[in-house]
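Residue numbers count from 1 along this sequence.
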Amino acid sequence: NDTGTIIVATTDAAATETAGNTGAFTVRLGLAPSANVTVTIGASSQCGFAPTPLTFTPANFATTQTVTVTPVDDAIVEGAHTCSPAAITAAGGGYTGVTGTPPTINITDNDTSTVSIANTTNGTEVGPADGTMTVTLTNQASTATTVSYTLGAGTATSGSDFTALPLTVVVPANTSTATITIPVLQDTIVEGAETVIVNLTAATSNALITAAGNATNTIADNDTATLTLDSPVVTEGGIATYAVTLTAATASGFTIDYT
C-alpha cells in the first residue's frame, strides 16, 4: 500500500537567454513501479525542457534522468526572471496521478532597449489643437517603462502657451510606443510660431533601458494685429502728436517706419 513519489532535484539553477547557457534538474522515482511509468514535464512560456516525456521501468526507476532547461531567447526586456515546468506528472505502473514539485530556474536576460522620441503633430492655436510627440522602444519590455524628460530652451512658455507637462510618460508593458501630448492654450497675443523642445533623460523604471534624444514641436499662432494712426487737430505753429494704436498685444517690441 506504499505510494510512489517523483523526486526532483535541481542541479543547475542558473541559465541565460544567450544560447548555450542552460539550466538542469534531475528526476527519478522513489519506489519501484509495477510497470513502465511515463513522466511528463509541463511546458513553460519562458523555457523549453528536454527530454520529455521520461520513461522509467521497474529496473531503472531509481536512476536519475537529467532534464535540460533552455530559456527562450526573445527580444523582450524582462530583466532577471524565472521559469518552472507547468507541472510534472506521471502515468502508468501505479504512478498515475502522482506529481512532482516543479523546480525553479533563474534566468538572466540578454535584452536591452533604447527609447527615442520624434515629433508627431505640431500644435496650433486654431481650435486650439494639441501637439503630440511619440516615444518609441527599440525592444518591448515585459513591464511598464517610465520615461522621464525635461523641457529645453524652446520659445513657447509653459503655463501660458501650453499646459504644464508632467515630465514623465509611461510606455505600457508589451508595447513599443507612448504619446506625449502638448495641450495648446489659446491667447490673444501676436507672437508668431513658438517651439516646445523635449529632451529625454532616463528610463527610470528599468536599468536595461536607456533614453536619448530630443524633439521639437512648433505651435502655430492665429493672432494678428492692426496698427491705427489717429488724426490730431493742431493749431498753426503747434506740435502735432500722433497716437499709434495696436488692435492686439504683441509678445515683443518692434519698430515702426513711417514717411
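- Pairs engaging residues 33-108 under the disulfide (SG to SG under 2.5 Å) rule: C47-C83 [sequence neighbours left out].
- The stretch residues 45-59 participates, sequence neighbours left out, in these side chain to side chain donor-acceptor pair (under 3.5 Å) pairs: Q46-E78, Q46-H81, T57-N60.
- Evaluation of the side-chain contact (heavy atoms from CB on, under 4.5 Å) rule for V72 yields D74 as partners, not counting sequence neighbours.
- Side-chain contact annotation: T114 with T138, donor-acceptor N/O pair under 3.5 Å absent.
- With sequence neighbours left out, the side-chain contact (heavy atoms from CB on, under 4.5 Å) criterion links S148 to T168, T201, A202, T204.
- A disulfide (SG to SG under 2.5 Å) check over residues 119-212, counting only residues at least two apart or in different chains, returns nothing.
- Residues satisfying the side-chain contact (heavy atoms from CB on, under 4.5 Å) criterion with T11, sequence neighbours excluded, are A24, T26.
- For residues 111-152, the set of pairs meeting the disulfide (SG to SG under 2.5 Å) definition, not counting sequence neighbours, is empty.
- Cluster partners of V135 are V77, V115, I117, M133, L137, V147, Y149, L151, F162, L165, L167, V169, V171, I180, I182, V184, V196, V198, L200, L208, I209, I219, counting Ile, Leu, Val, Met, Phe, Trp and Tyr whose side-chain heavy atoms approach within less than 4.5 Å, directly or via other members.
- S116 meets the side-chain contact (heavy atoms from CB on, under 4.5 Å) test with T136; sequence neighbours excluded.
- If you chain together ILVMFWY residues whose side-chain heavy atoms come under 4.5 Å of each other, F61 ends up grouped with I6, V8, F25, V27, L29, L31, V37, V39, I41, F49, L54, F56, V67, V69, I88, Y95, V98, I105.
- Between the side chains of D111 and N139, no donor N or O sits under 3.5 Å from an acceptor N or O.
- Hydrophobic cluster membership of V170, counting Ile, Leu, Val, Met, Phe, Trp and Tyr whose side-chain heavy atoms lie under 4.5 Å apart directly or via other members: none, as it forms a cluster of its own.
- Listed by chain and number, the residues in a side-chain hydrogen bond (donor to acceptor under 3.5 Å, both in side chains) with T89 amount to none (sequence neighbours excluded).
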